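See below for the structure under consideration.
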Amino acid sequence: MMADHGDPCNGQEATYCMNGGTCYKIPSMNTLSCVCNESYKGSRCEQLQLFSSATNGGHAGLIAAVVIVALLILVALAVAIYYIRKVLKAKQQSQQSNQQEYWRVKPRV
């Protein structure tokens, strides 16, 4: 922390840091420095730091990959079911038409 390397700012110097940051004076360099709250960053705590809900980007990538693979499997399964039903329906219609022709009396020529 900066408190180990500098002295707290006094009076008007204390307003150097923004958004509730703590000001410290570094005597050896004659400069001011800030220790920011966890919600801010920057040399004067002027930038709002947005938080991320994902602690590790690798987990989010893994979850996305699993979801994509699952969706691809579902699409492939749906296509397979569609074609199997189409083939079975055509086979059933073919059998029905063969049965109808069997009982039909063919005319003499």
Side-chain angles (χ1 to χ4, degrees):
M1 286 277 265
M2 294 297 293
D4 295 339
H5 303 288
D7 301 323
C9 297
N10 57 18
Q12 190 159 348
E13 293 173 341
T15 61
Y16 175 76
C17 299
M18 300 179 200
N19 300 311
T22 306
C23 179
Y24 290 96
K25 189 173 192 175
I26 303 174
S28 61
M29 296 175 36
N30 198 22
T31 60
L32 300 177
S33 182
C34 298
V35 175
C36 304
N37 293 332
E38 63 183 52
S39 302
Y40 294 94
K41 64 181 182 177
S43 61
R44 295 183 64 193
C45 305
E46 72 276 10
Q47 298 172 357
L48 177 63
Q49 185 173 353
L50 299 177
F51 293 103
S52 172
S53 61
T55 57
N56 188 353
H59 293 299
L62 179 64
I63 291 171
V66 168
V67 168
I68 289 171
V69 168
L71 288 174
L72 288 174
I73 290 171
L74 287 174
V75 167
L77 188 61
V79 169
I81 290 171
Y82 171 77
Y83 280 110
I84 289 171
R85 287 184 53 108
K86 186 176 178 180
V87 167
L88 289 176
K89 189 174 182 179
K91 188 175 181 181
Q92 186 181 19
Q93 286 178 349
S94 174
Q95 287 176 353
Q96 287 178 353
S97 67
N98 286 341
Q99 287 176 355
Q100 289 175 356
E101 288 181 19
Y102 178 75
W103 294 105
R104 179 184 278 170
V105 177
K106 296 181 181 178
R108 292 184 182 180
V109 182

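Along the sequence shown, residues are numbered consecutively beginning with 1. The structure displayed is predicted, hence computed values, not measured ones.
Note on Tyr82 and Val79: same hydrophobic cluster, where clusters join Ile, Leu, Val, Met, Phe, Trp and Tyr whose side-chain heavy atoms are under 4.5 Å apart, directly or indirectly.
The one candidate from Val66, Val67, Ile73 that meets the side chain to side chain contact (heavy atoms under 4.5 Å, CB included) condition with Val69 is Ile73.
The backbone N or O of Asn19 sits less than 3.5 Å from a side-chain atom of Asn37, completing a donor-acceptor pair.
Distance CG/Leu32 to OH/Tyr24: 13.0 Å, rounded to 0.5 Å.
Residues Ile26 and Ser33 share a closest heavy-atom pair of CD1-CB, 4.0 Å. The two residues Glu38 and Gln49 come nearest to each other via the heavy atoms O-OE1, 3.7 Å.
Within the structure, salt bridge (charged side-chain N to carboxylate O under 4.0 Å, His left out) pairs that include any residue of residues 12-24 comprise Glu13-Lys25 (at least two apart or interchain).
Between Ile81 and Arg85, the closest side-chain pair of non-hydrogen atoms falls below 4.5 Å.
Hydrophobic clustering, defined by side-chain heavy atoms of Ile, Leu, Val, Met, Phe, Trp and Tyr closer than 4.5 Å, leaves Met18 isolated from every other such residue. Residue Leu72 shares its hydrophobic cluster (ILVMFWY side chains chained together at separations under 4.5 Å) with Ile68.
Sulfur-sulfur distance for Cys23 and Cys34: not below 2.5 Å, with no disulfide indicated. A disulfide bridge connects Cys36 to Cys45: their SG atoms sit within less than 2.5 Å of one another.
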